[in-house]
There are 2 protein chains.
Amino acid sequence: MAIPITMENISEIGKIVRFHRNAAGLSRIDLADIAGVGKTVIYDIEHGKRTVQLNTLFHLLSALNIRISFEGPIMHQYESQKDEKD
Amino acid sequence: MAIPITMENISEIGKIVRFHRNAAGLSRIDLADIAGVGKTVIYDIEHGKRTVQLNTLFHLLSALNIRISFEGPIMHQYESQKDEKD
DNA sequence: CGTTTTTTACCGCTATGACGGTAAAAAACG
DNA sequence: CGTTTTTTACCGTCATAGCGGTAAAAAACG
């Protein structure tokens with residue numbers, strides 16, 4: 001089960017965070033402490049903020065055991081190019 | 001082909017952006033104009049900046065035809081809960 | 001290879017994201 | 001239900017992300 005996030009539904013991230021936080025039985029302060037971020041930014045994200053910083057979001061998602069991946073038509077070219085040595 | 005991004009390899013995003021930009025034959029200014037962001041933030045991202053804002057990154061990824069998705073052990077619970085009406 | 005054109009690297013400035021503090025609201029008791 | 005405890009909502013402040021301008025470097029010519 002992977003949920004695609006597009007430009008239009010960025011605010012879905014907030015719903016995902018809230019759901020996972022509640023499922024884990026955590027208050028915003030709990031999660032903030034675990035993730036090492038401020039409580040305010042969790043409030044902001046859960047309310048659909050689009051301007052969160054990437055590292056902040058990653059701290060949260062990591063604490064909630066959510067993983068991110070990038071996909072695209074030429075991503076395999078990137079991958080194979082990475083392995084090239086010399 | 002999906003590339004997982006974790007906290008430790010956030011800077012991989014910069015490499016992905018640069019590869020896609022070059023593959024499209026775009027300068028930073030070209031891409032900046034297309035994506036509707038400043039050229040500086042592209043430079044920053046390609047140099048591994050971890051504090052980019054989410055909407056800025058999404059503008060770039062969208063212009064480069066890269067998609068993002070979230071995964072996790074209880075994501076299906078979230079999905080089915082979303083469909084519940086009444 | 002000197003000149004022109006394009007691209008990249010880096011600067012200072014300004015708008016704003018992340019923060020802790022606190023009031024308001026909601027939940028959990030006896 | 002009145003009281004205590006927990007959670008959420010919303011401020012004011014400060015550090016900094018994103019911006020355009022420009023110098024430095026690289027590429028593309030004749």
Side-chain angles (χ1 to χ4, degrees), chain A residues 5-66 68 70 74 77-78 81-82 84, chain B residues 5-66 68 70 74 77-78 81-82 84:
Chain A
I5 305 291
T6 66
M7 198 105 80
E8 301 83 40
N9 75 340
I10 285 192
S11 61
E12 180 107 11
I13 294 175
K15 296 175 188 170
I16 294 174
V17 166
R18 168 169 266 160
F19 177 85
H20 280 71
R21 177 171 67 79
N22 286 333
L26 298 171
S27 72
R28 292 199 186 123
I29 293 181
D30 293 334
L31 178 56
D33 289 345
I34 293 170
V37 301
K39 56 189 160 51
T40 309
V41 77
I42 301 179
Y43 171 82
D44 290 339
I45 290 172
E46 292 186 356
H47 283 258
K49 185 182 214 180
R50 304 166 72 87
T51 51
V52 206
Q53 292 180 21
L54 201 62
N55 60 342
T56 302
L57 182 64
F58 267 80
H59 277 101
L60 282 176
L61 297 182
S62 168
L64 294 171
N65 201 23
I66 299 171
I68 300 183
F70 285 23
I74 64 167
Q77 288 179 27
Y78 169 76
Q81 197 240 26
K82 249 198 345 180
E84 285 168 20
Chain B
I5 306 290
T6 65
M7 197 107 78
E8 301 83 40
N9 75 340
I10 284 191
S11 61
E12 180 107 11
I13 294 175
K15 297 175 187 168
I16 294 174
V17 166
R18 166 170 268 161
F19 177 85
H20 280 72
R21 177 172 68 80
N22 287 333
L26 299 171
S27 71
R28 293 201 184 121
I29 292 181
D30 294 334
L31 178 56
D33 289 345
I34 294 171
V37 302
K39 57 190 160 50
T40 309
V41 77
I42 300 178
Y43 170 82
D44 289 339
I45 290 173
E46 291 187 357
H47 283 259
K49 185 181 213 180
R50 304 167 73 87
T51 51
V52 206
Q53 293 180 23
L54 202 62
N55 60 343
T56 302
L57 182 63
F58 267 80
H59 277 102
L60 283 176
L61 298 182
S62 167
L64 293 171
N65 200 24
I66 300 171
I68 300 182
F70 285 23
I74 64 168
Q77 289 179 27
Y78 169 76
Q81 195 240 30
K82 251 201 340 182
E84 285 170 18

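Both backbone and side-chain heavy atoms feed into the values below; hydrogens, waters and symmetry mates do not. In what follows, chains carry the letters A, B, and so on, assigned in the order in which the sequence lines appear, proteins first and then strands, with residues in each chain numbered from 1. Keep in mind the model is a prediction, meaning the values are calculated, not measured.
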Spatial distance of atom CD1 (Ile74(A)) from atom CG (Asn65(B)) [nearest 0.5 Å] | 8.5 Å
Nearest-angstrom distance from the residue atom NE2 of His47(B) to P of dA17(D) | 16 Å
Report the C-alpha distance between Leu31(B) and Leu64(B) in whole Å, list the side-chain angles of each, state the deciding distance to 0.1 Å, and finish with yes or no for side chain to side chain contact (heavy atoms under 4.5 Å, CB included).
-> CA-CA 8 Å; Leu31(B) 178 56; Leu64(B) 293 171; 3.9 Å; yes
Roughly how many Å is it from CG in Leu57(B) to C1' in dG18(D), rounded to a whole number?
-> 14 Å
Side-chain heavy atoms of Val17(A) within contact of Leu61(A), under 4.5 Å | yes
Outermost contacting nts on DNA chain C, any atom under 4.0 Å from chain B heavy atoms, listed 5' then 3', are dT7(C) to dG17(C)
What is the distance, rounded to the nearest whole Å, between atom CZ of Phe58(B) and atom C1' of dG18(D)?
-> 18 Å
Using the side chain to side chain contact (heavy atoms under 4.5 Å, CB included) rule, take Ile13(B) and Ile5(B) through it: C-alpha gap first, then chi angles, then the decisive distance, then the call.
-> CA-CA 8 Å; Ile13(B) 294 175; Ile5(B) 306 290; 4.0 Å; yes
Hey, what's the ring geometry for His20(B) with Tyr78(A), parallel, tilted or perpendicular (30° and 60° as the breaks)?
-> tilted
Would you give the length of the straight line joining atom CD1 of Ile10(A) to atom NZ of Lys49(A), rounded to the nearest 0.5 angstrom?
-> 13.0 Å
To the nearest 0.5 Å, tell me how far Ser11(A) OG sits from Ile16(A) CD1.
-> 10.0 Å
Give, for atom OG1 of Thr40(A) and atom CZ of Arg28(A), the distance between the pair rounded to the nearest 0.5 Å.
-> 9.5 Å
At what distance, to the nearest 0.5 angstrom, does OG of Ser27(A) lie from CD1 of Ile42(A)?
-> 8.5 Å
Reckon Arg21(B) touches a base, only the sugar-phosphate, or nothing at all at heavy-atom distances under 4.0 Å?
-> sugar-phosphate
CG/Leu54(A) to CG/Leu57(B) distance, rounded to the nearest 0.5 angstrom?
-> 6.0 Å
Within residues 28-43 of chain A, the residues having a heavy atom closer than 4.0 Å to DNA chain C are Val37(A), Gly38(A), Lys39(A), Thr40(A), Val41(A)
Dot-bracket notation for DNA chain D, counting Watson-Crick and G-U pairs under 3.5 Å, with | for partners on another strand | ||||||||||||||||||||||||||||||
